[in-house]
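Note sheet for the following structure.
So you know, we letter chains A, B, ... as the sequences are listed, proteins then strands, and number each from 1.
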Protein chains: 2
Amino acid sequence: MSDFDQEDPAARAASRRPATSTQVARAAGVSRTTVSFVLNNVLDKGISEATRAKVLRVAKELGYQPNAAAQSLASGSTGTVAMVVPRTEHLYDDQFLAQLLASVNDECHGLGLKLLIESAQHDDEQASGFVTLVRTRRIDGLIMVNPHRAHIGHLQGLAAARIPMVVLGSGVPELDTFHTLGQDTRSFSRLAVGHLLDLGHRDIAYVGFAGRDYFAGAERELGWRNTLSDAGITPREDLLEFGEITARSGYHATQRLLARGVRFTALFAGNDTIAFGAMRALREVGLRIPEDVALVGYDDIPLAEFGTPPLTTVHTDPIAHGRVAMLELARLLGVGGKPVPVLPDPRLVVRASSGSRLAN
Amino acid sequence: MSDFDQEDPAARAASRRPATSTQVARAAGVSRTTVSFVLNNVLDKGISEATRAKVLRVAKELGYQPNAAAQSLASGSTGTVAMVVPRTEHLYDDQFLAQLLASVNDECHGLGLKLLIESAQHDDEQASGFVTLVRTRRIDGLIMVNPHRAHIGHLQGLAAARIPMVVLGSGVPELDTFHTLGQDTRSFSRLAVGHLLDLGHRDIAYVGFAGRDYFAGAERELGWRNTLSDAGITPREDLLEFGEITARSGYHATQRLLARGVRFTALFAGNDTIAFGAMRALREVGLRIPEDVALVGYDDIPLAEFGTPPLTTVHTDPIAHGRVAMLELARLLGVGGKPVPVLPDPRLVVRASSGSRLAN
DNA sequence: GTGAAAGCGCTAACAT
DNA sequence: ATGTTAGCGCTTTCAC
């Protein structure tokens with residue numbers, strides 16, 4: 001104790017054993033109940049203005065901060081939510097995800113919630129990190145991003161248990177029972193492929209991302225297929241190749257495509273990162289973008305417009321996605337009471353890589 | 001209650017009120033104390049093998065998971081740490097940070113710790129989110145990344161209070177008192193600028209990142225200055241410009257540089273993202289890379305090698321940074337007992353953008 | 001070897 | 001309008 005007496009005020013404030021509500025109550029001359037009511041803004045308890053003011057003043061003087069563990073033990077809720085990603089690498093390989101995370105975090109701030117990051121890469125059939133978070137009552141709810149088929153079972157379990165949860169990603173039929181926030185990326189792929197069709201392309205290749213085991217990956221591939229079919233063009237399996245998430249995987253996937261010797265005049269990349277990889281692979285075999293191959297990506301990541309050439313892509317709005325997902329979760333949690341806005345539709349951003357005269 | 005009786009097992013397991021240690025104790029025919037000792041692997045308590053086995057079996061059968069709040073209230077520690085970033089946008093504008101986050105998260109997994117994300121953008125002199133996390137005892141320790149000058153006061157307070165903390169970023173003199181994990185990026189900038197000098201360049205511009213109010217930004221600028229000075233070249237203020245974090249800011253900063261009409265044959269970008277912006281600005285005024293301007297970045301983000309041309313850059317190792325920072329924090333927390341590895345030195349990765357014949 | 005009992009700091013129903 | 005009291009579920013000292 002005397003240890004700290006010599007130190008500077010900031011240190012003392014932080015190091016001193018934190019004040020408890022009992023101390024605040026004693027100093028203010030009231031009971032702990034009153035302190036609790038005042039600090040939690042419980043109305044209709046008939047607390048006088050004078051008492052309220054005094055409690056607040058004393059709490060401030062003492063630098064009182066309620067102990068989170070005690071609070072959640074007593075109240076049953078933690079004020080914490082988790083954002084679950086399939087694999088941590090996705091956080092840096094996919095700028096969309098990173099933006100989403102940032103947005104969710106900002107929204108949490110506004111709602112007074114804390115955000116835990118959890119990845120599901122080490123999960124198996126038996127145990128799953130995010131399920132444990134729920135069962136140990138570390139979190140009140142969660143946002144699952146871009147689920148993999150393997151997660152379905154666990155998610156269904158949580159859904160059946162009425163755990164507040166938002167799943168981001170379309171095309172997860174097994175999850176109809178709970179709240180899925182997903183744009184139909186299948187139909188929005190139409191923006192990209194349709195643009196290429198409008199430019200007169202017929203041989204349009206697709207380099208997918210994330211593989212078919214991720215719902216989002218499977219969906220986007222279907223978007224490519226359907227748009228072509230609807231235009232009376234049979235999607236050709238030899239114009240289809242899959243990468244994972246990284247630019248490098250897009251590079252290799254495009255190389256495999258090229259190695260087949262198939263002819264195509266346009267390429268739709270499952271996302272912008274894949275597109276960056278594709279650009280290099282195309283250029284390395286002497287193909288010019290867009291003169292020889294028109295290229296369109298998806299997501300409009302911050303670097304998309306700084307590609308060479310700048311990338312035509314479908315602008316999704318990760319910030320809005322994060323906000324909507326978080327506000328929806330907050331609604332399910334009964335927190336904040338903010339209305340959940342509607343997600344704006346993605347739109348095509350035409351830049352030079354697709355060779356359209358509309359490029360800006 | 002009967003609500004759930006009809007549902008599938010997974011749902012029932014999750015929805016049923018979680019088993020408490022009391023129930024486990026009762027079912028196993030022992031006291032809660034024994035349950036606690038067995039589950040926490042407390043040795044030297046003379047628990048018989050039979051008892052131990054039985055408790056473990058019963059706990060498993062009941063799907064027992066200790067309540068985290070109760071655990072931390074009783075034990076005084078939370079098993080949670082925070083990673084603090086100055087602003088959430090940095091998470092997507094700076095792939096280095098995203099990689100760092102992923103790595104820290106992975107390391108947490110291995111240590112059985114949970115990771116909270118916190119940003120400091122809404123903080124002011126009085127209140128700071130990450131200080132509140134500590135004072136409400138939500139976290140046991142934290143990793144601060146790339147601190148801004150404004151955070152120094154709060155960090156010092158925590159340091160004086162002996163809060164386990166690792167600050168990532170070099171050149172934070174005020175923080176000598178506590179654990180700073182930082183490579184001297186000042187000296188490693190030498191790799192980049194030295195490379196350009198070796199190639200015969202004398203008029204080497206610098207487009208900084210993050211501004212001087214971030215220690216990392218100030219440091220890297222000094223690296224540019226010092227390397228030039230040591231080579232007998234006076235760093236010219238008119239060849240210096242600052243961006244923030246984004247490619248766009250690098251683009252604009254480079255435009256400002258060009259608008260001055262100054263002549264330079266090489267450009268060192270404070271980080272790779274800035275370099276992407278610079279590439280576009282240079283190209284827009286008809287300058288070729290590397291023929292007219294040699295370009296070198298910093299960080300070697302995943303997209304660096306997919307630039308056009310591929311970017312020569314200084315490869316730092318965010319994954320290693322994350323691991324070291326987290327293991328150091330774990331050491332301070334007395335968790336895990338894993339040795340803290342040494343951070344490997346950054347190295348120059350020569351690609352086409354600098355115009356060296358050594359490019360691969 | 002095992003268990004009883006005293007907290008940890010807070011919330012909230014109930015009593016006054 | 002304010003205070004009393006009984007938990008929340010766990011850890012851990014101490015006694016058996």
Side-chain angles (χ1 to χ4, degrees), chain A residues 16-56 58-59 62-80 132 134-138 140 334, chain B residues 16-56 58-59 62-80 132 134-138 140 334:
Chain A
R16 192 200 295 285
R17 209 133 195 287
T20 68
S21 68
T22 305
Q23 290 168 37
V24 175
R26 188 152 39 218
V30 300
S31 74
R32 282 164 59 207
T33 312
T34 304
V35 172
S36 175
F37 284 157
V38 170
L39 265 39
N40 292 337
N41 257 310
V42 179
L43 306 176
D44 288 350
K45 287 295 171 182
I47 308 256
S48 69
E49 252 330 299
T51 307
R52 170 179 305 276
K54 178 157 200 180
V55 169
L56 289 174
V58 171
L62 267 52
Y64 171 70
Q65 303 268 176
N67 177 307
Q71 218 164 14
S72 63
L73 182 55
S75 72
S77 75
T78 62
T80 304
T132 303
V134 170
R135 308 215 50 219
T136 56
R137 302 216 114 71
R138 259 172 199 280
D140 296 337
Chain B
R16 194 200 293 285
R17 209 136 193 287
T20 68
S21 68
T22 305
Q23 289 168 37
V24 174
R26 189 152 38 217
V30 301
S31 74
R32 282 163 61 206
T33 312
T34 305
V35 171
S36 175
F37 284 158
V38 171
L39 265 39
N40 292 337
N41 257 310
V42 179
L43 306 175
D44 288 350
K45 288 295 171 183
I47 308 256
S48 69
E49 251 330 299
T51 307
R52 171 180 304 278
K54 177 157 202 181
V55 169
L56 289 174
V58 171
L62 267 51
Y64 172 69
Q65 303 269 178
N67 178 306
Q71 219 165 13
S72 65
L73 182 55
S75 72
S77 75
T78 62
T80 305
T132 302
V134 170
R135 308 217 50 219
T136 56
R137 304 216 111 74
R138 259 173 199 277
D140 297 336

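One interatomic measurement links the two molecules: CD of B/Q23 to P of D/dG9, which rounds to 9 Å at whole-angstrom precision. Rounded to whole Å, atom C1' of D/dA1 lies 15 Å from atom NZ of A/K54. Separating the CD atom of A/E49 from the P atom of D/dT2 is a distance of 11 Å, rounded to the nearest angstrom. Rounded to an integer number of Å, the gap from CG of A/N40 to P of C/dT11 is 5 Å. The CG atom of B/L39 sits 13 Å away from the C1' atom of D/dG9 (whole-angstrom rounding). At whole-Å resolution of the value, CG in B/L73 and P in C/dT11 are 12 Å apart.
Rounding to the nearest 0.5 Å places CG of A/L56 at 12.5 Å from NZ of A/K54.
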Side chain to side chain contact (heavy atoms under 4.5 Å, CB included) between B/N41 and B/R52, worked out: CA-CA 9 Å; B/N41 257 310; B/R52 171 180 304 278; 3.8 Å; yes
Under the side chain to side chain contact (heavy atoms under 4.5 Å, CB included) rule, what do A/Y64 and A/L39 come out as? Steps first, then yes or no, please. CA-CA 10 Å; A/Y64 171 70; A/L39 265 39; 3.2 Å; yes
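B/S36 comes within 4.0 angstrom of a base, heavy atoms only.
When the side-chain nitrogen and oxygen atoms of B/Q71 are compared with OP1 and OP2 of D/dG9, none of them lie within a distance under 4.0 Å.
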With a 3.5 Å cut-off and sequence neighbours excluded, list the donor-acceptor pairs that the side chains of residues 18-30 of chain B form with protein atoms.
unit_1, atom_1, unit_2, atom_2, d
B/T20, OG1, B/T22, N, 3.3
B/T20, OG1, B/Q23, N, 3.3

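Taking B/T80 as the reference, A/L116, A/R138, B/T78, B/K114, B/L116, B/I139 meet the side chain to side chain contact (heavy atoms under 4.5 Å, CB included) condition, with sequence neighbours excluded.
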Which parts of nucleotides 2-7 of chain C does protein reach within less than 4.0 Å, heavy atoms only, written one letter per nucleotide 5' to 3' as B for base, S for sugar-phosphate only and - for none? BBBB-B
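Shown here for B/A69 and A/S72, the closest heavy-atom pair between the two residues is CB-OG, 3.2 Å.
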